[in-house]
Amino acid sequence: MIGYAAYADRFAGTLADVGRKASYLRDLGVGYLHLMPLLTPRPAPNDGGYAVMDYRSVRPDLGSVDDLRALTTTLRADGISLCLDLVLNHVAREHEWAVAARAGDAEKRAYFHVYDDRSTPDAYEASLPEVFPDFAPGNFTWDDDLAGWVWTTFNDYQWDVDWSNPSVLCEYADIILSLANLGVDVFRLDAIAFIWKRMGTACQNQPEVHELTRALRTVARIAAPAVVFKAEAIVGPQDLPAYLGVGPHAGRVSDLAYHNGLMVQIWSMLASADARLAARALQQLPQPPSTTAWITYVRCHDDIGWAVSDEDARAVGLDPFAHRRFLSDWYSGAFPGSWARGLVFQQNEQTGDRRISGSLASLAGLEAGDPDAAARILLAHALILGFGGLPVIWMGDELGLLNDRGWADDPAHAADNRWVHRPRMPWETVAAGTDEHGINAGLRELVETRRSLPHLHAASPTEVWDPRDPGVLLVVRKHPAGPLLGAYNVTPEEAWVAPDVLHWLGLHVPGLHDAISGRAPDLEEGAVRLAPYAAAWLYDSEQP
């Protein structure tokens, strides 16, 4: 399955308009469509729709609940499943629960973390990080109507709900089933890592998070067994496996989880022209349970945070702080010789953390006119298509869309430069068939090639091997039809797949074939030659 993610209004307009574009998605090979928040949010500012005011209605500018039901029906006819965001950590201050709490309803007040004075909040703050230090410092907000401090991890208008209250669990279970009845197949569990609070911790990734997810999943399996959960857990590598289940929870928590680490390492490899850190970091993650899969992606709606662990960096001889600083400098275009054109998002003066906004094409060098940009874009997509899991394309990346120069013209977006990589779909370009750099044709060929290879089914285990050439990432997919070796040259120079790799895999055979080029690979003394920024999917074409 191939995924696609977009804002409904930026992609097409209304939900009905999205339905009219279903054939475009089908022709691209899409079987999974993630539409960004479309349930009714508070008036702007609303964190891009993640401050939900009503889970049971649709943004009026996009349509109605009936339009949502019609869309899921249309998509299903084209073999496309719909994924929607379900914000679990918080609701908008204007949500009916919060309105009731502010009006004095004690039952609804207990849906939130509310404190009469600063003593408890200050004790929590001692170990809490800040998500938006620039425009939403701190984690608690005073509310006059409540006459108390309410927990607000993200923004002062997003109130964290108290999942230790069983009524909250029941409310969300009912919401999930109501949306499933409208035809929603996949729920992206937004901010799932934050839902359980524990004094003295960062209040992320607590064990109860997984217990609660498993409880919701159990309800869904009983009443709506086709529903799939996707964990939006943008967390460190050591915390990520638990979202798909480990130990007694294996395969019983979320069905899908974002492989944030792969995304980060793709960008790290392209900037450094070195695959050693990526190989080390990716090797630390265990195989996901066989009934689950990663969501692999190069870009999404969000900024890029440099989730490179200190231990992994040091293991390959890098200073972790210097490397993260280098990546921010490189992708903001500040580093000498950089071909990237990104924007710094949420610079933290205390920690030195700087995240990056920007479209895939602009970050890969297309905006700067770098001659290797298109090859980098296709290499990155080959990596997510070949790694294992459900690859998701961010809207416009299949066209090589650049940063939106007018991102700040809308006053509602002016303070959030993430809108630079959320442009409107240029349907006139699609209609004209313009593909100056061959990105669209190249990506479609990769998708079609992937579809023909049983080795790349998500159930096939993925192994990352130690690099022989430091510029080549080696990814092995094990399948009953034989192994497939994904080799990815992340450098602007030619590179090599060493003969011993082929020997270990039993691929030193006359039938060695590269699925991407469609021919036998170039060999020199038993080594496979890779052109700059080239990818190869190598397998024995004579294997029965």
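Side-chain contact, Y50 with D85: a donor N or O sits under 3.5 Å from an acceptor N or O. A donor atom on one side chain and an acceptor atom on the other are not found under 3.5 Å apart for W267 and Q265. Under the 3.5 Å distance criterion, with hydrogens and angles disregarded, no donor-acceptor pair is assigned to the side chains of H323 and S272. W339 and Y331 share no donor-acceptor pair across their side chains, judged by distance under 3.5 Å alone. Remark: the Y243 side chain and the N205 side chain contain an N/O donor-acceptor pair separated by less than 3.5 Å. D466 and Q283 share a side-chain donor-acceptor pair at under 3.5 Å. Between the side chains of Y24 and E398, at least one donor-acceptor pair of N or O atoms lies under 3.5 Å.
The main-chain N or O of L84 is never found under 3.5 Å from a side-chain atom of R188 such that the two would form a donor-acceptor pair. S541 places no side-chain N or O within 3.5 Å of a backbone atom of H513 that could act as its donor or acceptor partner. Between the side chain of S452 and the backbone N or O of T449, at least one donor-acceptor pair lies under 3.5 Å. A donor-acceptor distance shorter than 3.5 angstrom exists from the side chain of D469 to the backbone of W496, with no hydrogens or angles considered. A donor-acceptor pair under 3.5 Å is absent between the side-chain atoms of D514 and the main chain of P521, judged by distance alone. Distance alone, capped at 3.5 Å, places no donor-acceptor pair between the E445 side chain and the L443 backbone. Without hydrogens or angle criteria, Q287 side chain to T462 main chain gives a donor-acceptor distance under 3.5 Å. Judged by distance alone, the side chain of T292 and the main-chain N or O of L256 form no donor-acceptor pair under 3.5 Å. Of the possible polar contacts, one joining the H457 side chain to the A459 backbone as a donor-acceptor pair under 3.5 Å is found. Although no hydrogens or angles enter the test, the distance criterion places a donor-acceptor pair under 3.5 Å between the side chain of R341 and the main chain of S338.
With respect to the salt-bridge test (charged N to carboxylate O, under 4.0 angstrom), the residues D370 and R376 qualify. Using a 4.0 Å cut-off between charged side-chain N and carboxylate O, R314 and D319 make no salt bridge. A salt bridge links R354 and D329; the closest N-O separation between the charged side-chain nitrogens and carboxylate oxygens is under 4.0 Å. One finds no salt bridge joining D397 and R299 here, because no Lys/Arg side-chain nitrogen approaches an Asp/Glu carboxylate oxygen to under 4.0 Å. In this structure, R252 does not pair ionically with D255, as no charged nitrogen and carboxylate oxygen lie closer than 4.0 Å. A salt bridge does not link E524 to R529: none of the charged nitrogens lies less than 4.0 Å from a carboxylate oxygen. At a threshold of 4.0 Å, the pair D302-R418 counts as salt-bridged, since one of the basic side-chain nitrogens sits closer than that to a carboxylate oxygen. A salt bridge links E311 with R280: at least one charged nitrogen is closer than 4.0 Å to a carboxylate oxygen.
Rounded to the nearest 0.5 angstrom, H508 NE2 and D540 CG are separated by 10.5 Å. Atom OH of Y539 and atom CG of L456 lie 10.0 Å apart (nearest 0.5 Å). Atom CG of N440 sits about 5.0 Å away from atom CG of D435, to the nearest 0.5 Å. Between the NE2 atom in H413 and the CZ atom in R422 there is a gap of 8.0 Å [rounded to 0.5 Å]. Rounding to the nearest 0.5 angstrom, the gap separating the CG atom in L401 from the OG atom in S359 is 7.5 Å. Atom CZ of residue R405 and atom CH2 of residue W407 lie 13.5 Å apart, to the nearest 0.5 angstrom.
Using a 4.5 Å cut-off on side-chain heavy atoms (C-beta onward), S268 and L277 make contact. T72 has its side chain out of reach of L182: every pair of non-hydrogen atoms, C-beta onward, lies at least 4.5 Å apart. By the 4.5 Å heavy-atom criterion applied to side chains, K21 and V18 are not counted as neighbours. By the 4.5 Å heavy-atom criterion applied to side chains, M1 and L390 are counted as neighbours. Contact annotation: the side chain of L474 never approaches that of V464 to less than 4.5 Å [non-hydrogen atoms, C-beta and beyond]. Side-chain contact check for K230 versus Y258: some heavy-atom pair is nearer than 4.5 Å. Between I2 and I393 the shortest side-chain heavy-atom distance falls below 4.5 Å. Within the 4.5 Å cutoff, the side chain of V227 has no heavy atoms near those of the V186 side chain.
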Using the rule given for side-chain contact (heavy atoms from CB on, under 4.5 Å), can you reason through V228 versus F187, listing the C-alpha separation, both sets of side-chain angles and the distance that settles it, and then say yes or no?
CA-CA 6 Å; V228 169; F187 290 92; over 6 Å; no
For a side-chain contact (heavy atoms from CB on, under 4.5 Å) check, start with the C-alpha distance between R76 and L82, then their side-chain angles and the critical distance, and finish with the verdict.
CA-CA 8 Å; R76 185 168 285 109; L82 182 65; over 6 Å; no
Report the C-alpha separation of N260 and Y297 in whole Å, then their side-chain angles, then the decisive distance to 0.1 Å, and conclude whether the side-chain contact (heavy atoms from CB on, under 4.5 Å) test is met.
CA-CA 8 Å; N260 180 61; Y297 62 108; 3.2 Å; yes
Could you give me the CA-CA distance, side-chain angles and deciding distance for R217 and S254, then say whether side-chain hydrogen bond (donor to acceptor under 3.5 Å, both in side chains) is met?
CA-CA 8 Å; R217 185 180 185 273; S254 290; over 6 Å; no
side-chain contact (heavy atoms from CB on, under 4.5 Å) between M36 and H34, worked out
CA-CA 6 Å; M36 304 303 291; H34 175 199; 3.6 Å; yes
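When ring centroids are compared, H210 and H249 stay outside the 6.0 Å threshold. The ring of F11 has its center closer than 6.0 angstrom to the ring center of Y4. Taking the six-membered ring wherever Trp is involved, the centroid distance between the rings of Y7 and W419 falls below 6.0 Å. You'll find the ring centres of F321 and W306 outside the 6.0 Å limit.
Around atom CH2 of W427, more than 12 heavy atoms belonging to other residues, nucleotides or ligands sit under 6.0 Å away. The environment of CD in E428 is crowded: more than 12 heavy-atom neighbours from other residues, nucleotides or ligands sit within 6.0 Å.
Taking all atoms of both residues into account, the shortest heavy-atom contact from L28 to V447 is O-CG1, 3.7 Å. The two residues G245 and P289 come nearest to each other via the heavy atoms O-CG, 3.5 Å. Residue L530 comes nearest to V472 through the heavy atom pair CD1-CG1, 4.0 Å, listed as atom of the first residue, atom of the second, then distance. What you find for L379 and V490 is that their closest heavy atoms are CD2-CA, 4.1 Å. Considering all non-hydrogen atoms of both residues, D78 and A22 come closest at OD2-CB, 3.5 Å. Residues I192 and V209 come closest through the heavy atom pair O-CG1, 3.4 Å.
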